[in-house]
Amino acid sequence: MDRISDKRKCMASLTVFRNLYNQKRDIYCVIAEFIKLAIAEKALSSFDLQEMVNIINQEYGFDLPVAVVKRALGKLDFLNKNKSSYTIKKDAVFNADEIRKDTQTENDVNQKAIDSLCVFVEGKMGKSLSIHEKEELCNDFCTFIIDDTNSSQFGEYISQFIIEQSNDKAFVEQLNQIRQGVVIFVGLNYNADYNAVDKLDTQLHIYLDTEIIFHMFGLNGALYKDLFDEFYELVQEVNKKAKTPIIKLRYFAENRDEIESYFKIAERIVRKEEQLNPSKQAMSNIVNGCIDASQVVEKKSKLFRMLAEKDITLDTQEHYYDKETNWNYLIDSKPFYEYNDNDTSEKDIDRKVKLLNYISIKRGYKSQSIFRTVGHILLSANKVTFTIAFDKNVKKDNCVPLATSLSFLTNRFWMVLNKGLSNMSTLRSINVITKAQIALSSRINDNVGRLFSQFIEEDKQGKFDIDSKKATLAELHKSTVSPDDLHADNADSYVEVLSVNDINAFIAERKLVEAKNKEEHQNTLKKMKEQHDADLKERAKKDASLRKAALEIQDKRNREYQNEYEKQKEDYFKGKATFIKKNGRKDWRKNAVIATVHVLIVIGLFVVSIFNENNKIKSLSISISFIIYIIPFVRPLWDHRKVSKAYKYIFFPSYRKQKNIEYENEYRDNNPKPMLKHISIEEVLQELMN
């Protein structure tokens, strides 16, 4: 957006605009809602077209073209039109309360964020901001959110504030909705056919600047590569949707030569012939892992192979200045020499202007105000290039600039593909956190680059010894940061370098920081030791109390175990005696019966033999009786039978004792002897701790 009368109003309006657009999907119906609000708040009964354009743009911070407002007015059926004048019908009924309420709500939410930002900046600067400074801060903040450029005076604080709030989902969503609203307006500002805001039907040649090619190859970090990949995927989708590819990706011979030169410097760094500038992340990533120069050459070959694989081809036009008519489109470099610094020489500015001249010549007399018909545009990531391209003498009002950014094209192609705003949150290019990370890391690395350049100059004068050089280079390397690495917890540690403008002050500050860190480290160790000793003392006290309680529990528990054991032991021996006695009585009965029967048989046979008259029979009976009688006494010598056992049990106490031992063993096998339980002090302590 080129002109914003009141950025604070615009932020609230853009959020409401985005939400309404997401519901209605008709940009003119959304604008018509704001027109209804303007009519209600101004109590208008009639107005002309230009008057309404002025009201809309001033009251809500928009920058809408006349044609857009005219088309939106046609959506309101309660208006009578007479040429360029409009009157409200007498019986007109419309309600603007909802959009008024939504706009006020968004304004309040945004104001809370601005108030928090003011408190944050005052804390960082260590002073209260004046009313004028707060207004400037507010303006810078709104510009940062709305525009595709970075704010200046309070830029580092705004970026740091946003990054440190990155965990607040509601805050981030609020700012991203504003940025999504911007995407729609960019489409309106660079469009002549307002019936097709998101249309792209003519060939567009996009020329990749060197930094963008490095993004593609991943030399500037994962975040930049992700941004390029998002852009490239959308280009592929647009080309696939069209009957024939309408977007062509190119690069100029100057970019090829610049890449060749960059890799030559990398070779020198690997060969230790040149010092690596820590602020140049692409260079750091090229030389990292390279032991010899041949590996740098291999990386360069991979980069050009990737360009070919992605169908990003070299511009084939050889002559740009041969026709006198082309001179009408040239930009003079000299007015921009004032932008040169340690990293950008007049020669560098000439080279950047040359690329913009190529785009200008290629466009020729084509309309510069219609994005879909410009035909050619430079895709860059260089601040100086943008400064030149957006200069008021180069870019006319409402004209498409000669150079643009990844986010501009990514957002534009997203709308061309009609993917919807609700899904836009997936794009990193639209995310306010991404913008803050890029902006802050760029400021930090630029300042490190300036300090490095000063360091190199003073080193040539012999102002540093070897140890100082190594220490300073190490600190400079630690001070650089990739956008990917900036997050809510560490942003504060990196921004310190922004306040240093002199390499000697940087070295002195680092020494102070080192001394301070050493002192803090020693104090921390001291506090840790004191705390450790206190913890040991407290633990010893707790351990003593715990052990005392454990001893009491152990004593009580073991006494309970002892009593239980004594009872079980008494029951065990009683049971054993009863078992043995019971089985002894059974044995006595059984063996007495056997012995009695045996004696009775012998006596019976003997009596029969005495009273029998037959001598033979008598003699035989006596013999048998004798044998029967003698058998029990002879048989034990080689066999044990029931009768002999019965007599042994009755007449031999030792035999009975042996039987009792057998019963005792049997009882013990079936009834294990009670065991005395015991609990240790360690077991009790473990129970208490659990």
Side-chain angles (χ1 to χ4, degrees), residues 528-604 628-690:
M528 287 175 63
K529 186 179 183 305
E530 291 173 353
Q531 184 63 44
H532 179 67
D533 293 343
D535 289 345
L536 286 177
K537 188 175 180 180
E538 182 65 24
R539 184 178 297 177
K541 186 178 178 181
K542 289 181 179 179
D543 287 348
S545 300
L546 192 66
R547 191 170 186 84
K548 182 179 179 181
L551 286 170
E552 293 176 358
I553 294 171
Q554 180 195 27
D555 181 63
K556 180 181 178 182
R557 194 84 62 82
N558 284 337
R559 277 190 279 107
E560 290 173 353
Y561 288 156
Q562 182 67 38
N563 293 336
E564 184 179 351
Y565 170 71
E566 294 295 338
K567 185 177 183 303
Q568 289 176 350
K569 187 169 70 170
E570 183 180 352
D571 292 342
Y572 176 83
F573 285 115
K574 282 183 180 179
K576 183 175 73 172
T578 301
F579 181 77
I580 294 172
K581 187 175 181 180
K582 180 180 178 182
N583 284 286
R585 285 199 298 267
K586 284 173 63 178
D587 286 345
W588 270 109
R589 285 196 300 270
K590 181 180 72 174
N591 291 317
V593 169
I594 292 171
T596 301
V597 171
H598 178 259
V599 170
L600 289 175
I601 291 171
V602 172
I603 292 173
I628 290 171
Y629 183 78
I630 199 67
I631 282 174
F633 299 98
V634 177
R635 186 67 177 174
L637 297 175
W638 64 85
D639 191 12
H640 295 280
R641 300 181 68 180
K642 287 184 178 180
V643 175
S644 64
K645 288 180 180 179
Y647 280 111
K648 285 171 64 178
Y649 188 85
I650 294 168
F651 293 109
F652 295 103
S654 60
Y655 187 76
R656 291 196 299 274
K657 186 176 181 181
Q658 180 61 37
K659 289 293 292 181
N660 287 343
I661 291 172
E662 290 177 9
Y663 291 135
E664 185 176 348
N665 290 335
E666 181 184 351
Y667 182 83
R668 186 167 54 247
D669 291 341
N670 294 325
N671 301 277
K673 192 174 181 181
M675 298 291 292
L676 176 62
K677 290 182 183 179
H678 180 270
I679 188 167
S680 66
I681 187 67
E682 288 77 15
E683 290 173 315
V684 177
L685 287 170
Q686 189 62 46
E687 284 184 13
L688 290 174
M689 285 189 287
N690 290 339

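All values below were derived from every heavy atom in this structure, side-chain atoms included, with hydrogens, water molecules and symmetry-related copies excluded. Please read these numbers as outputs of a predicted model, since none were measured by experiment.
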Residues Gln531, Asp535; criterion side chain to side chain donor-acceptor pair (under 3.5 Å); working and verdict: CA-CA 6 Å; Gln531 184 63 44; Asp535 289 345; 2.9 Å; yes

Could you tell me whether the side chains of Gln562 and Glu566 share a donor-acceptor contact shorter than 3.5 Å? yes

Show the nearest heavy-atom pair for residues [X] and [Y], with the distance to one decimal.
X      : Y      : answer
Asn591 : Ile650 : O-CD1, 3.7 Å
Tyr565 : Met675 : CD1-C, 3.6 Å
Lys673 : Phe573 : CE-CZ, 4.2 Å
Gln554 : Ile681 : NE2-N, 3.4 Å
Arg656 : Phe651 : NH1-N, 4.4 Å

Can you check whether Leu551's main-chain N or O pairs, donor with acceptor, with Asp555's side chain at less than 3.5 Å? no

State whether the side chain of Asn558 and the backbone N or O of Ile679 hold a donor-acceptor pair below 3.5 Å, judged by distance alone. yes

Test side chain to side chain contact (heavy atoms under 4.5 Å, CB included) on Glu552 and Lys556 and set out the steps. CA-CA 6 Å; Glu552 293 176 358; Lys556 180 181 178 182; over 6 Å; no

Cationic N near anionic O, under 4.0 Å, Asp533 to Lys537: no

One thing to verify: whether Glu683 and Arg557 come together as a salt bridge, which I'm taking to mean a side-chain N less than 4.0 angstrom from a carboxylate O. no

Parallel, tilted or perpendicular for Tyr572 and Tyr667, by the 30°/60° rule? tilted

Run the side chain to side chain contact (heavy atoms under 4.5 Å, CB included) test on Val593 and Arg589 for me, step by step, so that the C-alpha distance in whole Å, both residues' side-chain angles and the decisive distance to 0.1 Å come before the verdict. CA-CA 6 Å; Val593 169; Arg589 285 196 300 270; 5.5 Å; no

Separation between [atom1] of [X] and [atom2] of [Y], rounded to the nearest 0.5 Å:
X      : Y      : atom1 : atom2 : answer
Asn583 : Glu664 : CG    : CD    : 12.5 Å
Asn671 : Lys576 : CG    : NZ    : 11.0 Å
Asn670 : Asn665 : CG    : CG    : 11.0 Å
Glu662 : Lys657 : CD    : NZ    : 13.5 Å

Run the side chain to side chain contact (heavy atoms under 4.5 Å, CB included) check on Glu666 and Phe579 step by step: do they pass? CA-CA 10 Å; Glu666 181 184 351; Phe579 181 77; 3.8 Å; yes

Taking C-beta and beyond as the side chain, do Lys581 and Arg585 meet within less than 4.5 Å on heavy atoms? yes

Show the numbers, then the answer: is there a salt bridge (Lys or Arg N to Asp or Glu O under 4.0 Å) between Glu570 and Lys567? CA-CA 5 Å; Glu570 183 180 352; Lys567 185 177 183 303; over 6 Å; no

Given the options Ile603, Thr596, Val597, Val599 meets side chain to side chain contact (heavy atoms under 4.5 Å, CB included) only with Ile603

